[in-house]
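Structure first, then comments.
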Amino acid sequence: MAVYTEVPDNELEEFVARYDIGRVASCKGIAEGVENSNYLLHTERGSFILTLYEKRVKAGDLPFFIGLMEHLAGKGIACPTPIHAHNGEALGELCGRPAAIISFLDGMWPRRPTPRHCQLLGEALAKFHLAGADFPMKRANDLSLAGWRRLFEAC
């Protein structure tokens, strides 16, 4: 299961109160994933994803990822977007971890991908790259060739 940090109810309620999304109705860990603790969060005003960023993610890189989501959404890419707290910030802290609440997109992953799925994915990826071409922030890709040795040695 990809929930590394358990969130006590009282801390969750205090965190969610910082946002204009209503009170917590339910919160359930999401098993899929490998790096962060993700929860499906239902409130009085809808469904969201709560992410606690775990140890491999550098806190200094999070503004890049938050900004990229907002940039892509602004270009019409159907992607989750960060919810900003009352103080205007998209990132907060929960259980000693950087955390964010992100919009929820309905859908499911295909259990048996077809060539048509691959075509649609290619089209979406092309649109993603075109929409992101003028994103002003930059960061090194930790999963690029330069990072392979470190990843290999960590295994």
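Atoms considered below: every heavy atom in the structure, side chains included; atoms not considered: hydrogens, waters and symmetry mates.
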Exercise: identify the closest heavy-atom pair between Leu94 and Ala99: CB-CB, 3.8 Å

Same cluster (ILVMFWY, side-chain, under 4.5 Å), Leu125 and Leu72: yes

Within one Ile-Leu-Val-Met-Phe-Trp-Tyr cluster: Leu52 and Val24, side-chain cutoff 4.5 Å: yes

Where Arg97 and Tyr53 come nearest, the two heavy atoms and their spacing: CD-O, 3.4 Å

Steps toward side-chain contact (heavy atoms from CB on, under 4.5 Å) verdict (Glu32, Asn38): CA-CA 8 Å; Glu32 291 86 356; Asn38 292 298; over 6 Å; no

Heavy-atom check, side chain of Glu44 versus side chain of Arg23, under 4.5 Å: yes

CZ on Arg116 to OG1 on Thr114, rounded to 0.5 Å: 8.5 Å

Spatial distance of atom CG (Leu91) from atom NE2 (His84) [nearest 0.5 Å]: 9.0 Å

Any side-chain heavy-atom pair of Tyr39 and Glu6 under 4.5 Å: yes

Hydrophobic cluster identity match, Leu105 and Leu68, side-chain contacts under 4.5 Å: no

Verify same cluster id: Ile49, Ile66 (apolar side-chain graph, 4.5 Å): yes

Verify same cluster id: Val7, Ile21 (apolar side-chain graph, 4.5 Å): yes

Over all atoms of both residues, closest heavy-atom pair of Glu54 and Ser37: OE2-OG, 2.6 Å

Over all atoms of both residues, closest heavy-atom pair of His42 and Ser47: ND1-OG, 2.8 Å

Whether His71 and Phe135 hold their rings parallel, tilted or perpendicular, with breakpoints at 30° and 60°: tilted

Minimum heavy-atom distance between Ala73 and Cys79, given as atom pair plus value: N-SG, 3.7 Å

Within 45° cone of Trp148 ring axis and under 6.0 Å: Arg150 NZ or CZ: no

Worked check of side-chain contact (heavy atoms from CB on, under 4.5 Å) between Lys75 and Asp134: CA-CA 10 Å; Lys75 295 281 186 150; Asp134 62 346; 2.8 Å; yes

Chi angles and distances behind the side-chain contact (heavy atoms from CB on, under 4.5 Å) call for Phe15, Leu50: CA-CA 10 Å; Phe15 185 78; Leu50 168 64; 3.8 Å; yes

Worked verdict on Asn87 versus Arg18 for side-chain contact (heavy atoms from CB on, under 4.5 Å): CA-CA 8 Å; Asn87 68 2; Arg18 300 177 198 159; over 6 Å; no

Test item: Glu93 and Pro98 side chains (from C-beta on) under 4.5 Å apart, heavy atoms: no

Polar side-chain atom of Thr81 near backbone of Ser103 as donor-acceptor pair, under 3.5 Å: no

Residue pair Ile102 / Ile83, side-chain heavy-atom distance below 4.5 Å: no

CZ (Phe128) with more than 12 external heavy atoms under 6.0 Å: no

Non-hydrogen side-chain atoms of Phe65 and Arg139 separated by less than 4.5 Å: yes

Check: Tyr19 ring centroid to Phe48 ring centroid under 6.0 Å: no

Any Val3 side-chain heavy atom under 4.5 Å of Ile30 side chain: no

Distance-minimising heavy-atom pair for Met137 and Phe64: O-CE1, 3.5 Å

CG-CD distance between Asp9 and Glu13, expressed to the nearest 0.5 angstrom: 6.0 Å

